[in-house]
Amino acid sequence: MIDDITRIVGAAPALIAGASSVEELRAVEADLLGKKSELTLLKKGMGGLDPEGRKAAGAVLNDARESIEAALGVRRTDLERAERASMVATEQLDLTELLELPERGSLHLVTQTWDRLVDVFIGMGFTVAEGPEVETDWYNFEALNIPAAHPARGMWDTLYVDLGDPETVLLRTHTSPVQIRVMTDGEPPIYAVMPGRVYRRDTADASHMPVFHQIEGLVVDRNISFADLAGTLEAFTSAYFGGSIHSRLRPSYFPFTEPSAEYDINCVFCEGNGCRTCGQTGWLELGGCGMVHPTVLTNVGLDPEEWSGFAFGFGLDRLALMRHGVDDIREMYTGDVRFLEQFPS
Amino acid sequence: MKVLLSWLQEFAPFPGDDPVALGGVMSDLGMAVESIERIGEGLDGIVTVKVLELRKHPDADKIQLVDVDLGDGEALQICCGATNLTVGDVVPLATLGTTMPDGMEIARRKMRGEWSNGMLCSGRELALGEDHSGIYILDPSLALGMPVVEALGITPDVLFDLEINPNRPDAMSVAGVARDLAARLGLPFAIPVPTVEELAGDAGSIASVDIVDPDLCGLFHIRVIEGIKVEPSPRWIADRLSALGMRPINNVVDASNYVMLELGQPNHTYDLAKVPGGALRVRWARDGETITTLDGIERTLTGGRDGVIADVTDSAVGIAGVMGGASTEISETTTTVLLECAWWQPMAIARSSKFMGLRSEASARFERGVDPEIVDLAARRLAELLAPSGARLVQGSVSVDGDLSVTPAVRVRTTRVNQLLGTAIATDEIVSLLTPIGFVCAAGADADVLLVTVPTFRPDTTNETDVIEEIARHYGYSKIVGRAPTSAHTGSLTPIQRDRRSIRQVLVGRGIHEAMPLPFLAPGDLARCGLPAEAVTVTNPLAAEESILRTSLRPGLLRAIAYNESHRTDGVSLFELGKVFALPASGETLPDEREHLAVALAGRDATAAANVWALLAQTLGLNDVVIDQSAPPAGLHPGRSGVLRRGGEQLGEIGEIDPGVLDALGLRERVAWLQLDLAVALAAPHGEHRYHHISRYPSSDLDLAFEVDNAVPAASIEAAVRSAAGPLLVTVNLFDVFRGHPIPDGRRSLAYRLRLQAPDRTLTDDDIGGVQRSVVEALGAIGASLRG
């Protein structure tokens with residue numbers, strides 16, 4: 001019996017090495033260790049041996065099985081590795097051989113700019129207010145201290161609509177009527193920005209559209225000062241344009257603010273050194289601002305002795321154009337996908 | 001407003017060495033410098049030469065060869081593109097090495113094989129106006145080789161172009177700009193007193209005025225000037241007017257304009273001989289009254305809106321504050337001038353000039369408000385300017401008041417100043433800021449209060465805040481140290497603002513681009529899109545294409561698709577979030593303005609829109625919305641469209657654009673369409689994605705195919721499956737649709753896979769069989785039969 005085992009163990013390596021696939025190896029395994037294998041039969045034949053002999057034969061048999069199993073395992077691993085390698089070799093793909101790129105949409109440049117601005121102001125504690133695009137004369141002009149026939153009305157070329165009495169309902173010329181609505185409908189303290197679409201009676205050209213976008217900000221609280229305005233705009237400027245860009249205020253006139261100011265920033269192209277975009281001045285005019293005019297506060301039922309506030313506003317489209325170097329505002333509004341897809345985010 | 005440095009210097013000793021720095025101060029005072037032009041600079045190296053000979057260029061038609069003499073008798077060859085030269089002309093030559101005002105450097109160079117030793121200059125090249133039609137021809141008697149600056153008598157000067165805000169009437173004059181600037185720079189400012197020799201007599205016996213309507217005219221001041229000889233102005237006056245943008249006409253008109261520019265007082269000169277009795281009347285115009293103005297145009301006036309100056313016969317001889325009349329115009333025969341210096345109601349002039357569409361230098365000043373106290377100074381200054389031609393001011397004046405309000409002294413509190421500005425400016429510092437600009441400060445009731453008398457040239461300043469602005473302006477905005485207010489609030493988006501961002505994210509992820517067509521439509525646009533034509537119209541559109549406010553996003557997006565198709569971009573997917581405007585509801589003033597979302601997918605059928613909708617509904621958590629195809633919306637494909645409905649509410653429309661509409665718009669591709677009224681869609685609570693427990697027990701799938709009539713929507717089959725399957729149903733998916741043999745015409749097979757699972761146990765065959773039986777039974781009831 002020992003001889004039989006020795007013979008089987010001796011023959012096993014050649015049989016195992018002869019298997020050229022995992023499948024063939026499975027057959028060899030059945031031949032060597034399966035139910036009908038010699039080793040299994042020998043084990044069954046051990047019943048006739050005395051306890052001592054059985055113990056000895058059992059140990060030999062077990063050693064034989066283990067050595068064969070180990071050899072099978074090694075061979076199986078080798079064969080599996082080889083088979084995987086040949087499969088992988090046939091599965092090669094050229095990752096640049098693409099038939100159709102998945103399409104990605106895009107947010108409009110105005111939306112991207114809008115969201116970016118709004119996010120900065122939210123970070124500064126502002127809420128975001130909106131209002132109608134068709135407005136009454138009261139919200140767009142009168143409440144803002146611009147009575148009819150006021151020379152300052154010439155500052156806005158207004159589009160009127162055929163509703164109500166002539167020239168009483170209009171397409172808002174700025175987002176300022178939302179300020180009136182916020183102050184009328186709510187109560188201080190107010191910290192809000194109002195982005196929105198505005199309209200002017202303007203012929204479209206490379207830098208003008210009859211329809212464009214603005215964002216305004218309004219703060220009304222106790223003891224709000226011009227210094228707060230300057231500080232807020234400076235904080236916004238570096239948050240939005242980057243730390244190296246600063247702001248300055250210059251005296252100006254708006255009927256709804258006093259003192260009023262122009263809001264300039266360091267030219268973002270030359271960082272204040274002077275270039276063609278900024279006309280060698282190192283500054284870009286961004287928008288207007290000032291302390292909310294006492295008449296405006298009175299118009300919305302707030303006592304100017306108790307409350308004070310500031311407001312600011314600037315164009316949004318121009319920021320979008322500046323960021324991406326677009327030289328014609330009209331491009332943004334044709335819906336040409338060749339333009340839109342250039343700005344995925 | 002343009003100002004010359006030399007003119008400013010007549011009022012205060014401004015330094016002339018750094019015009020850019022001076023401009024910087026003007027900007028910082030709120031008189032923004034739009035440009036600085038250096039007159040007579042950059043002309044070094046440009047000299048007078050005489051044309052000796054003109055020859056054809058052998059090799060170029062548009063260039064001729066010009067031999068010129070610099071005074072040394074030698075011929076120097078220049079190539080020149082101009083054709084206005086004749087032999088003997090004296091012209092300016094930029095010699096070699098000259099840097100032109102525009103920065104170009106002149107070098108010896110060959111043009112088509114011929115040497116050019118300099119450049120002959122046009123007026124524009126010399127920065128002497130806009131003329132570039134030919135070479136600037138000089139006086140032929142001039143010596144040759146003389147610097148052109150000398151030849152032309154150009155005095156170097158600096159011209160500042162300032163943007164003046166509407167609240168700065170004082171800065172509409174050279175003197176006013178000088179006053180503001182001198183105050184900031186701490187320089188002494190004074191308006192020179194005109195030296196006029198007055199002629200014995202009495203203006204009051206020569207001229208008179210009757211202010212019939214005192215609410216139109218606050219002050220009417222008349223002086224009489226005799227010995228008028230109409231002739232060209234002296235060169236220096238003409239040059240200054242030209243520099244400031246006014247055309248020199250004759251000495252009388254020019255002196256009038258000069259005084260207006262210098263002192264800010266518009267004035268009018270009448271030929272006294274043409275004013276019967278020298279008598280004038282000031283009144284509101286009568287409706288339909290006509291007058292021919294100085295520009296030769298007959299204008300019809302409107303009663304109560306326009307004001308007139310009339311003569312004794314009550315016929316209008318001028319439009320108050322806007323423009324004089326032709327009938328009393330100065331002419332070569334004029335010998336005596338009736339000079340009017342008036343103060344008109346600003347609002348009246350603003351209204352009159354706006355509605356008449358007639359803006360003049362005078363009206364621009366009157367509507368801001370001029371200084372009533374300067375009228376006689378202005379008159380004497382005008383006489384002074386005319387004196388060299390022999391004109392003499394007659395003694396005496398006529399001065400009649402209308403309604404002229406006086407601003408009471410303004411109470412200014414130092415604490416309020418600092419509270420509003422965020423500064424710590426002391427009271428005496430306030431006094432020293434205000435005094436140089438003419439504000440007179442007196443101590444008030446307590447130490448905190450100043451009583452500030454506003455000068456008459458600052459009618460815009462009437463209250464404490466106005467004065468605080470002046471304090472801030474002269475203190476310097478840049479000196480106010482910024483601080484960020486501490487908001488006790490936290491910023492956030494509103495739910496609708498968050499929803500918009502989600503919507504955009506979903507659509508962009510689906511490969512759809514956001515577009516923003518203009519919200520204006522042309523007449524017929526709505527009808528072409530199959531939509532009702534009623535809409536809000538624009539009263540004063542610039543073009544018919546912009547005369548209607550959209551009631552739907554459809555025309556704009558379809559136009560954008562057509563635009564892309566016409567540029568060979570097919571299969572475009574666009575969306576827009578924007579306002580649409582319907583006529584106001586009854587009793588409302590403003591239109592029914594709503595925010596819509598629309599999606600247009602070119603080259604795709606209605607199912608693409610339905611897929612986008614499904615995704616949006618899932619993202620926003622909009623449940624219980626059905627697609628109702630029973631009444632397809634106008635302008636959409638009748639067989640492939642429906643409305644989105646939640647109960648009785650209509651949220652929007654979905655499907656495909658009607659082929660007729662596509663045809664009308666010239667669109668080649670079909671277009672899948674989705675439109676949502678966001679206010680309606682997002683009004684009900686939504687977006688609450690509640691957690692469903694995930695069972696740990698195995699799930700089983702049950703595939704069932706039903707044959708059903710085409711008229712029965714798949715949505716109702718699915719709804720029936722859901723309700724019949726009961727609580728064991730986890731998901732149900734339509735995985736196959738089949739039409740054709742052996743299914744009879746008009747019917748189709750719909751195959752669903754139901755995933756079943758129990759939260760607490762493994763399913764048994766009985767469980768699954770039970771679900772199958774109830775589903776089959778329920779579907780049988782709506783005409784769907786299980787396929788074998």
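In this text, all values refer to a predicted model and were calculated from it rather than measured experimentally. Each chain gets a letter, A, B and so on, in the order the sequences are listed, and its residues count up from 1.
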Of the backbone (N, CA, C, O) and the side chain (C-beta and beyond), which part of B:Arg559 lies under 4.5 Å from a heavy atom of chain A, both, or neither? neither
What part of B:Asn167 gets closer than 4.5 Å to chain A, counting heavy atoms only: side chain, backbone, both or neither? both
For A:Arg201, is it the side chain, the backbone, both, or neither that has a heavy atom closer than 4.5 Å to a heavy atom of chain B? both
Out of A:Glu103, A:Arg250, A:His293, which one racks up the most heavy-atom pairs below 4.5 Å with chain B? A:Arg250
Side chains of B:Lys354 and B:Arg351: does their closest heavy-atom pair fall under 4.5 Å? no
Segment of A:Ile224 engaging chain B (4.5 angstrom heavy-atom cut-off): both
Below 6.0 angstrom between ring centroids: does that apply to A:Tyr199 and B:Phe520? yes
Between A:Ser247 (side chain only) and A:Ile265 (backbone N and O only), is there a donor and an acceptor less than 3.5 Å apart? no
d(B:Glu470 CD, B:Asp460 CG) to nearest 0.5 Å is 6.5 Å
Given a strict heavy-atom distance threshold of 4.5 Å, which part of A:Thr168 is in contact with chain B: side chain, backbone, both, or neither? neither
If I compare all heavy atoms of A:Arg104 with all of A:Pro344, which pair ends up nearest, and what's the gap? NH1-O, 3.3 Å
If you tally heavy-atom pairs under 4.5 Å against chain B, which of A:Leu249, A:Val169, A:Leu159 wins? A:Leu159
Here the pair of heavy atoms bringing B:Glu576 nearest to B:Ala515 is CG-O, 3.5 Å
Dump the intermediate steps for side chain to side chain contact (heavy atoms under 4.5 Å, CB included) on A:Val128 and A:Phe121, then the final yes or no. CA-CA 9 Å; A:Val128 185; A:Phe121 284 114; over 6 Å; no
Pairwise distance CG(A:Leu229) to CG(B:Leu420) - rounded to 0.5 angstrom: 10.5 Å
For residues A:Phe236 and A:Phe312, establish whether the separation of their ring centroids is below 6.0 Å. no
Part of A:Glu258 lying under 4.5 Å from any heavy atom of chain B: both
So what's closer than 4.5 Å to chain B heavy atoms on A:Phe339: side chain, backbone, both or neither? neither
Part of A:Glu130 within contact of chain B (heavy atom distance under 4.5 Å): side chain
Of the backbone (N, CA, C, O) and the side chain (C-beta and beyond), which part of A:Pro294 lies under 4.5 Å from a heavy atom of chain B, both, or neither? side chain
Between B:Ala32, B:Pro584, B:Pro519, B:Ser547, the one whose heavy-atom pairs under 4.5 Å with chain A are most numerous: B:Pro519
What residue in B:Pro541, B:Ala472, B:Ala543, B:Gly578 has the most heavy-atom pairs under 4.5 Å with chain A? B:Pro541
Can you say whether B:Arg413 sits under 4.5 Å from chain A via the side chain, the backbone, both, or neither, judging by heavy atoms? side chain
Given heavy-atom pairs under 4.5 angstrom as the criterion, report whether the side chain, backbone, both or neither of A:Thr111 touches chain B. both
Tell me, for A:Leu107 versus chain B, whether the close heavy atoms (under 4.5 Å) come from the side chain, the backbone, both or neither. both
Under 4.5 Å from any heavy atom of chain B - which part of A:Asp202: backbone
Counting only heavy atoms from other residues, nucleotides and ligands, does the tally under 6.0 Å from CZ of B:Arg604 exceed 12? no
Side chain of A:Asp336, backbone of A:Arg338: donor and acceptor closer than 3.5 Å? yes
Could you have a look at A:Pro210, A:Ser308, A:Ala230 and say which one has the most heavy-atom pairs with chain B under 4.5 angstrom? A:Pro210
